[in-house]
Protein chains: 4
Amino acid sequence: MKLQSQSGEKPLWSQLYDVLESRILNGVYKEGEVLPSEMSLMEEFGVSRVTVRQAMDKLIHSKLISRKRGKGTIVLKKKVQWKLCFNLLLMVLKKK
Amino acid sequence: MKLQSQSGEKPLWSQLYDVLESRILNGVYKEGEVLPSEMSLMEEFGVSRVTVRQAMDKLIHSKLISRKRGKGTIVLKKKVQWKLCFNLLLMVLKKK
Amino acid sequence: MKLQSQSGEKPLWSQLYDVLESRILNGVYKEGEVLPSEMSLMEEFGVSRVTVRQAMDKLIHSKLISRKRGKGTIVLKKKVQWKLCFNLLLMVLKKK
Amino acid sequence: MKLQSQSGEKPLWSQLYDVLESRILNGVYKEGEVLPSEMSLMEEFGVSRVTVRQAMDKLIHSKLISRKRGKGTIVLKKKVQWKLCFNLLLMVLKKK
DNA sequence: GTGGTCTAGACCACG
DNA sequence: GTGGTCTAGACCACG
C-alpha cells in the first residue's frame with residue numbers, strides 16, 4: 001500500500017497508524033496474534049523503521065498492541081471503545 | 001560568499017537564487033547530486049534559514065532542484081530552457 | 001555531564017530522563033520556563049537528537065514538560081506527586 | 001565464502017573468527033576502519049547473527065576490534081602480539 | 001532557530 | 001530474527 005508523502009498530507013506515521021488501526025479493528029490482524037514484523041511493514045509501506053515504530057508507539061499508547069523483544073508485536077484484546085467504533089462506522093459509511 | 005544587504009540591492013533571497021542558479025548551470029552542483037544542506041548555505045552566505053528556503057522555493061519553481069525530506073535537495077536534469085540560456089550568456093559576457 | 005554508555009547500564013535516554021527529572025524537581029529548570037533546546041542538550045550530554053527526544057517523550061508522558069513547535073520546551077506546573085517525592089528523597093539520602 | 005559445517009570441523013563461529021582475524025592481520029580490514037556490518041557477514045558466510053556475534057565477541061576479547069552502538073565495528077590498532085604473529089607465520093608457511 | 005518528521009543503517013538484548 | 005537503542009544528518013512547519 002502506498003502512503004501519501006506530499007506536503008499538506010498527514011505525516012507518514014499518522015497515515016500508517018490509521019491503516020494499522022483499521023486492520024486491527026477489522027480483524028485483519030486478530031487479537032492475540034502477532035503483527036507483521038517491523039521489517040515487513042517497512043517494505044510493505046516503503047517507509048523507514050523509525051516511521052513504523054512511531055506509528056506503533058501510538059498504537060501502544062492506544063492500548064491496541066504490545067511489543068515483546070525477541071518475540072514480536074501482538075494485538076491486544078479489544079475492549080469496547082466507543083470513540084474507535086464511531087470512527088470505524090464513519091469509515092465504513094464513507095466507502096459506500 | 002558575502003551577499004549585499006544594503007538598500008538599493010535585490011533582496012537577499014533573490015541574490016542567493018542567482019548564485020545557486022549559476023552554480024547549477026556551471027556544473028558546480030552537478031545533475032543528480034545533492035546540494036549543500038540548508039544549514040551549510042545559511043553559514044556560507046550568512047543568511048537566515050527563511051532566506052535560504054525562499055531562494056530554494058524559487059529554484060523548485062524553476063524546476064532546477066527537488067527537495068526530499070530526510071534525504072536532501074538534489075539538482076534536477078537540465079532541459080533546454082531558453083530563458084536560462086540567455087541569462088547564462090549574459091553572465092559570461094559580463095565576465096569578459 | 002557524562003552519561004555511562006557501557007553495557008550493563010541503563011539506556012542513555014533513561015539516564016538522561018533521570019537527570020532532567022531531578023533538575024526539574026530541584027528547580028534548576030523552573031516551572032513555566034523553557035528547557036535548554038534539544039541542540040543544547042545534545043551537546044551537553046554528548047548524545048544524538050533522537051536520544052534527547054526519547055528522554056523528553058517520557059517526560060511529556062510524566063506530564064513534567066510540554067513541547068511547542070517554534071517556541072521550545074517548557075516545564076509544566078508541578079502537582080504534588082508522591083511517587084516522585086519519594087524518589088527525590090531517596091536521591092538526597094543517598095548523597096549524604 | 002563458504003564455511004564447513006560438517007562434523008569434525010571446528011565450530012562455525014571459530015572458523016569465522018579465523019577468517020576475520022586473518023583479514024585483519026592481512027590488512028583486508030584496515031586499522032581504524034569499520035568492519036562489514038553483522039548483516040553483511042551473515043550473508044557473506046551464510047551463518048546466523050548469533051554466530052557472527054560469537055566470532056566478534058572473541059575478536060573483542062583478543063583486542064582486535066571494538067563495537068560502538070549506532071556506529072559500527074572498528075579495527076583496533078595492532079600491538080605486537082606474539083601469539084598472533086605465530087599464527088600468521090603458520091598461515092604464510094601453509095600457503096607455500 | 002525551535003520542535004516535528006524522516007531516512008539509512010549500525011550494534012544490543014532477548015528468544 | 002524480533003524488538004530496543006543509538007548515530008548522523010537531512011528537510012518541514014511554525015514562530
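The sequence lines fix the lettering, A, B, ..., with proteins before strands; numbering per chain opens at 1.
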J.: Starting the side chain at C-beta, find the nucleotide from F:dT7, E:dG4, E:dT7 nearest to A:Thr51.
T.: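 My answer, after comparing the listed nucleotides, is E:dT7.
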J.: Which residue lies toward the 5' end of DNA chain F, D:Met42 or B:Arg53, if each is placed at its nearest nucleotide?
T.: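 This one resolves to D:Met42.
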J.: Please give me the minimum heavy-atom distance between A:Ala55 and A:Tyr17, naming the atom from each residue.
T.: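 A:Ala55 and A:Tyr17 have their closest heavy atoms at O-CD1, 3.7 Å.
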J.: When all nucleic acid strands are considered with a 4.0 Å heavy-atom cut-off, which category describes D:Val34: base, sugar-phosphate, or nothing?
T.: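 Here D:Val34 touches no strand at all.
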J.: Would you kindly give the CD1-to-C1' distance between A:Ile65 and F:dT2, to the nearest whole Å?
T.: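 So the CD1-C1' distance, A:Ile65 to F:dT2, works out to 14 Å.
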J.: Kindly say if B:Thr73 contacts the phosphate of F:dC11, meaning a side-chain N or O under 4.0 Å from OP1 or OP2.
T.: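 So the side chain of B:Thr73 is within the cut-off, an N or O lying under 4.0 Å from OP1 or OP2 of F:dC11.
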J.: Assign each of A:Ser14 and C:Gly70 to its nearest nucleotide of DNA chain E by heavy atoms, then name whichever residue's nucleotide is nearer the 5' end.
T.: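 Nearest nucleotide further toward 5': that of C:Gly70.
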J.: Take atom CG of D:Asp57 and atom P of E:dC14, then tell me their distance rounded to the nearest Å.
T.: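 Distance, rounded to whole Å: 14 Å.
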J.: If you assign each of C:Pro11 and B:Met56 to its closest nucleotide in DNA chain F, which residue comes earlier from the 5' end?
T.: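 Mapping each residue to its closest nucleotide by heavy atoms, the 5'-most match is C:Pro11.
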J.: Using every non-hydrogen atom in the two residues, find where B:Thr73 and B:Arg67 come nearest and quote the distance to one decimal.
T.: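 So the minimum-distance heavy-atom pair works out to OG1-CG, 3.4 Å.
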J.: C:Leu35 has an atom CG; how far is it from atom P of E:dG3, in whole Å?
T.: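 One finds 8 Å between P of E:dG3 and CG of C:Leu35, rounded.
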J.: Counting side-chain heavy atoms from C-beta on, which of F:dA10, E:dT5, F:dG3 comes nearest to B:Ser37?
T.: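 Of F:dA10, E:dT5, F:dG3, F:dA10 is nearest to the side chain of B:Ser37.
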J.: Between E:dC12, F:dC6, F:dG15, which one does the side chain of B:Val50 approach most closely?
T.: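 Of the candidates, F:dG15 comes closest.
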J.: Out of F:dG3, E:dT7, F:dC12, which has the shortest distance to the side chain of B:Glu38?
T.: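 So the nucleotide nearest the side chain must be F:dC12.
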J.: Side chain of D:Arg69 only, please: which of E:dC11, E:dG3, E:dC6 is the nearest?
T.: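 Between E:dC11, E:dG3, E:dC6, the one nearest the side chain of D:Arg69 would be E:dC11.
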J.: For B:Glu33 and B:Arg23, what are the C-alpha separation, side-chain angles and deciding distance, and is it a salt bridge (Lys or Arg N to Asp or Glu O under 4.0 Å)?
T.: CA-CA 13 Å; B:Glu33 298 191 350; B:Arg23 285 189 183 173; over 6 Å; no
J.: Could you state the atom-to-atom distance from CE of A:Met39 to C1' of E:dG9 in whole Å?
T.: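 For the pair A:Met39 CE and E:dG9 C1', the rounded distance is 10 Å.
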J.: Any heavy-atom pair between the side chains of C:Asp57 and C:Trp13 that's under 4.5 Å?
T.: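 Sidechains of C:Asp57 and C:Trp13: no contact.
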J.: To the nearest Å, give me how far apart CD (D:Glu43) and P (F:dG1) are.
T.: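 That distance rounds to 14 Å.
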J.: Is there a side-chain contact between B:Met56 and B:Glu38, using heavy atoms and a 4.5 Å cut-off?
T.: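 With C-beta onward as the side chain, the pair touches.
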J.: Of the candidate nucleotides E:dG4, E:dG15, F:dG4, which contains the atom at the shortest distance from the side chain of A:Arg67?
T.: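 Shortest atom-to-atom distance from the side chain points to F:dG4.
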J.: Between P on E:dT7 and CG on A:Leu41, what's the gap in Å once rounded to a whole number?
T.: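 About 14 Å, once rounded to whole Å.
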J.: Can you see if the side chain of D:Lys71 gets near the phosphate of F:dA8 - specifically, an N or O under 4.0 Å from OP1 or OP2?
T.: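 Indeed, a polar side-chain atom of D:Lys71 lies that close.
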J.: Take atom NZ of C:Lys68 and atom P of E:dG4, then tell me their distance rounded to the nearest Å.
T.: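 Whole-Å distance recorded here is 10 Å.
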J.: Please report the distance, rounded to the nearest Å, between CZ in A:Phe45 and C1' in E:dC6.
T.: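 Value for this atom pair: 17 Å.
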J.: With no angle test and no hydrogens, is the base of F:dG4 tied to the side chain of A:Arg49 by a donor-acceptor pair under 3.5 Å?
T.: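 Such a pair exists between side chain and base.
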J.: Looking at residues at least two apart in the chain, or sitting in another chain, which of them share a side chain to side chain donor-acceptor pair (under 3.5 Å) with D:Ser40?
T.: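 Partners of D:Ser40 under the side chain to side chain donor-acceptor pair (under 3.5 Å) test: D:Ser37.
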J.: For F:dC14, what is the paired nucleotide under Watson-Crick or G-U wobble rules, both distances under 3.5 Å?
T.: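 WC or wobble partner is E:dG1.
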J.: Looking at the side chain of C:Trp13, which of E:dT7, F:dT5, E:dT5 is the nearest nucleotide?
T.: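 Among E:dT7, F:dT5, E:dT5, the one nearest the side chain of C:Trp13 is F:dT5.
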